[in-house]
Amino acid sequence: MDVYSKSSKIYLAHQLFDEIPQPDIVARTTLIHAHSASGNLKMARDIFSKTPLSMRDTVFYNAMITGYSHNDDGYGAVALFNDMRRDGFRPDGFTFTSVLGALALIADYERQCQQMHCMVVKSGTGFVTSVLNALISVYVKCASSPSVLSTSLLISARKVFDEMPQKDELSWTTMITGYIRNDDLDAAREFLDGMCEKLGVAWNAMISGYVHQGLIQEAFEMFKKMQSLEIQLDKFTFTNVISACANAGLIQLGKQVHGYILRAMGKPTPDFSLSVNNALITLYWKCGKAGEALEIFNKMPVRDLVSWNAILSGYVNVGQIDEARTIFGEMPERNVLTWTVMISALAQNGLGEESLKLFSQMRLEGFEPCDYAFAGAITSCAVLGALENGRQLHAQLVRSGFDSSLSAGNSMITMYARCGVLEAAHSLFLTMPCVDLVSWNAMIAALGQHGYGAQAVELYEQMLKEGILPDRISFLTVLSACNHAGLVKEGHQYFDSMYGVYGITPGEDHYARLIDLLCRSGKFSQAKAVIDSLPFKPGAPIWEALLAGCRIHGIIDLGIEAAERLFELIPQHDGTYVLLSNMYATVGRWNEVAEVRKLMRDRGVKKEPGCSWIDVENKVHVFLVDDTLHPEVQAVYNYLEQLGLEMRKLGYVPDTKFVLHDMESDQKESVLSTHSEKLAVAFGLMKLPRGTTVRVFKNLRICGDCHNSFKFISEVVGREIVVRDGKRFHHFKDGKCSCGDYW
DNA sequence: GTAGGGTTAG
């Protein structure tokens, strides 16, 4: 009895019970009800098992079965149901209602639905409305589970419904929600229109169905019809309608609804206000009105978990991670959803480690992660390139029964791809029980990032053939793929089809990819024409694409122009300086290279770790610190010396020239260590026996000379090498690279 | 039997 406070009614009742020398079956049944209603299944079970068989009756069993069912123990309820029949007790209508409710909690209850249906019929309770409602409900729930063929079960539910001698409101509503959950809104609507009584619950369910399908107009028509038919509008009606506005970004309409509520609802109950305010927070936040959202939140007399979660995800959606962290810390309570939002937010912002830490903390605090939480954690592994961690999560996911989850599956496609195992990503894509646009986009991107541009384009075409409509992200990925495969004409056609065929207005990032495509293939006048005719003022992505193209082809004047625009827009961005200096290096203007580096130093711009290199006419030039006392410098020298020797011996590179260049001392360590690391890997690979496939998971920013080295090694040693380079991968084989040598 | 808070792809 420790779990109850000493003054609680159950405690007192139980004490009284203990004092009765021989409590009868009615007392026992009552106490089982009381314990299980307060969530203490153990106490209920204790009384149950101490009751001799001779005393028991059907009502007594029913109490215990209901107890299991109400405490989400479906298996317990079904097992006891079987025990009951074995012990010779006859289930009645209440028994069936309870056990059918319990069935819906069990994962694979498809066959059991039908068995139970037969038993109901045989037991003679097949005319009892509550039993039949439970039967319909369990069929409907079963039909909504993803692994089940829903139509046949819905037909079964419909049959039960049609043959019911007496239908009540519940029967109708259950059927309607059944159709809604299976995305058959027309059938649901037909049912609703066939109901004589205008029941608010059913109408609300119907509106919610429309909202979830994005059918805003239909939702609002229902709403207006409810008003004209004078059906009671309640918190469900309004939260649904507000969420419709939020999803469609209709702030004006949302405000009208808000005003209507204030005028028409008189003095609302606290419960009504809470629900509506929660919906309003999201409405304002999704429509970019952070101030209004926060004002509502701050003025709320009572907040619940939903309010806090709405504020949390509001901050996350506008990218204010620090504020989100603060809210997360301040929250009076959290649930799985809270954790999921935070884990995913961190992953999305590249904070993979923090995200994974939170994922394990979540479990330590006793929360069982849902598939969305897994998806967030798996994304963190993709960010970190942590293959082993990702594989473990994959295994745990399967163990938790989420292996058919779309979001988790989609995140795993990306995780495997970004960890270098393209084959695993692909086989996952092929074996997933169902895929959606996100899965296709993920797989197309994976191929593109691994340098398989032609295959990515092929997969995109296949997606179109299967009747799936591309979105703006599909175009970003397919355009990138065209870039890497050098498919200029195709890329341009895809770009044109974006608005021409699919009515999607290209964004700046799409234009940037188009310019990238044109510049890479040397079509500078076309690229310039596109920039001049842009429907908006060109921003950093556009100029960066242009500068990158100028770097490859050594188009100095245009490159300088692009760099100047970039300096105005993002003065402290190191990438501009690197591109600019490499552009000069391409044409051998070393003095200008030095000037750019000086400029960078004068402006206090920090360069990200990497190395400077350039490949001109098959000659490898490497910048090195003029400091031969530095041990790293000596190591890099030695590596290059040997590598150059080997390469020349095989006639791979006719000449290797090292250009010494001064470098900032704070850049020395990182630049040199990454460089020597890559060369060390290259040498390690050379020593390996023929016939091995090597994957380098450590993120090595691939530069021109190590790219050459890897190509050389793949040819000489004769095997495949996969190397990670940021988000992308290079596959080296037979002296060629999957990236199409766009270096 | 209905609602308000979430995820995955660039």
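Note: hydrogens, waters and symmetry copies are ignored here, and every other heavy atom, side chains too, is used. Naming: A, B, ... by sequence-line order, numbering from 1 per chain.
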- A:Phe495 six-ring centre to A:Arg513 NZ/CZ under 6.0 Å and within 45° of normal: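 No, cation not above the ring by the 6.0 Å, 45° rule.
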- Is it true that a side-chain atom of A:Lys167 and a backbone atom of A:Phe161 form a donor plus acceptor pair closer than 3.5 Å?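 Here the side-chain-to-backbone pair exists.
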Pairing residues for [X] by the side chain to side chain contact (heavy atoms under 4.5 Å, CB included) criterion, not counting sequence neighbours:
X: A:Pro541; answer: A:Glu508, A:Ala512
X: A:Asp403; answer: A:Val398
X: A:Phe236; answer: A:Asn204, A:Asp234

- From the 5' end of DNA chain B to its 3' end, which nucleotides mark the outer limits of contact with chain A, defined by a 4.0 Å heavy-atom distance cut-off (strictly under)?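 Reading along DNA chain B, I get B:dG1 to B:dG10.
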- For A:Glu190, does the CD atom sit with more than 12 other heavy atoms under 6.0 Å from it, leaving out its own atoms?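 No.
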Have a look at [X] and say if it touches a base, only the backbone sugar-phosphate, or nothing, with a 4.0 Å heavy-atom cut-off.
X: A:Ser275; answer: base
X: A:Leu280; answer: nothing
X: A:Arg181; answer: sugar-phosphate
X: A:Thr379; answer: sugar-phosphate
X: A:Asn335; answer: base
X: A:Asp471; answer: base
X: A:Asn277; answer: nothing
X: A:Arg334; answer: nothing
X: A:Ile207; answer: nothing

- Task: Just say parallel, tilted or perpendicular for the rings of A:Phe223 and A:Phe220, cut-offs at 30° and 60°.
- Result: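 If you compare the ring of A:Phe223 with that of A:Phe220, the planes turn out perpendicular.
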- Inter-residue atom distance A:Phe374.CZ - A:Ser405.OG, 0.5 Å rounding: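 Atom-to-atom, A:Phe374:CZ and A:Ser405:OG are 10.0 Å apart.
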- Item | DNA chain B contacts among residues 337-348 of chain A, heavy-atom distance under 4.0 Å |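 Going residue by residue through residues 337-348 of chain A, the ones with a heavy atom under 4.0 Å of DNA chain B turn out to be A:Leu337, A:Thr340, A:Val341, A:Ser344, A:Gln348.
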- Message: Enumerate the side chain to side chain donor-acceptor pair (under 3.5 Å) contacts for residues 372-386 of chain A, please, sequence neighbours excluded, ordered by first and then second residue.
- Response: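 For residues 372-386 of chain A: A:Ser355-A:Ser380.
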